[in-house]
Amino acid sequence: MILADIGLCHYAAEKHPDLRRHLSVQASASNPDSINFYVDAFGVKRVVLPRVLSVQEITALNQKIDVETEVFVFGGLCVMAEGRCQLSSYATGESPNINGVCSPAAEMLPELMEAGVTALKIEGRQRGRAYVGQVVSAFRQAVDAVKAGQAAPPLNLQNITEGQAKTSGAYDKTWR
């Protein structure tokens, strides 16, 4: 179960202790102290990291936490107000939760794997089976190739990105 609300985290941990709990990016936990709080207080097993973190920041964070990490790797761009989807909705006029307009991606699988990332988050909300199947299949092939020590094959997903030829988003930022 992916949770963002601290009250629901508490309820799930107390009433359903055997339920595997993941912390949503919408909980805005992006530093070791906040992530470790959710792990210690509610037994969170995985945290979805904000898209605004660089690969170097993800590496450093993974060295200070003892929980699985998941990062966004494919989808449309939002205004990068991580964990504040209502602000994104206000600014863009479309809801990340209802319309699926979020989640920039990265094509640097070897670097993300080396950074300690456990899972890849592929935006699929409000998407058809064909879209999800095509994206998941492409990433599965790429991950398997990297794990086998080979170069990741081209993802060839530009035809289904939302109005752009590449979706590496915040990973390519130069403003820091």
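- T118 is not listed as a side-chain neighbour of V67, based on a closest heavy-atom distance of 4.5 Å or more.
- Side chain of R21 to main chain of F42: a donor-acceptor pair is present (N/O by atom type, distance under 3.5 Å, no hydrogens or angles).
- A side-chain N or O of S34 and one of N31 form a donor-acceptor pair less than 3.5 Å apart.
- The closest side-chain heavy-atom distance from L61 to P32 is below 4.5 Å.
- Residues V39 and L3 are members of separate hydrophobic clusters, defined by side-chain heavy-atom contacts under 4.5 angstrom among Ile, Leu, Val, Met, Phe, Trp and Tyr.
- At least one side-chain heavy atom of R20 sits less than 4.5 Å from a side-chain heavy atom of R46.
- In the hydrophobic clustering of ILVMFWY residues, with side-chain heavy atoms under 4.5 Å counting as a link, I2 and V117 come out apart.
- Residues L19 and V47 are members of separate hydrophobic clusters, defined by side-chain heavy-atom contacts under 4.5 angstrom among Ile, Leu, Val, Met, Phe, Trp and Tyr.
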Might you work through the side chain to side chain contact (heavy atoms under 4.5 Å, CB included) test for V25 and F72, ending with a clear yes or no? CA-CA 10 Å; V25 69; F72 288 89; 3.9 Å; yes
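- When all heavy atoms of F139 and V73 are compared, the closest pair comes out as CZ-O, 3.5 Å.
- In this structure, the side chains of V55 and M108 come closer than 4.5 Å at one or more pairs of heavy atoms.
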Verdict with supporting geometry, I122 and Y131, side chain to side chain contact (heavy atoms under 4.5 Å, CB included): CA-CA 11 Å; I122 297 170; Y131 171 94; 5.5 Å; no
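- The number of heavy-atom neighbours closer than 6.0 Å to CE of M113, taken from other residues, nucleotides and ligands shown, is above 12.
- When every heavy atom of S24 is checked against every heavy atom of A4, the shortest pair comes out as CB-CB, 3.8 Å.
- Annotation: D66, atom CG; neighbour count of heavy atoms from other residues, nucleotides and ligands within 6.0 Å does not exceed 12.
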Show your reasoning for whether side chain to side chain contact (heavy atoms under 4.5 Å, CB included) applies to V48 and L23. CA-CA 6 Å; V48 181; L23 189 63; over 6 Å; no
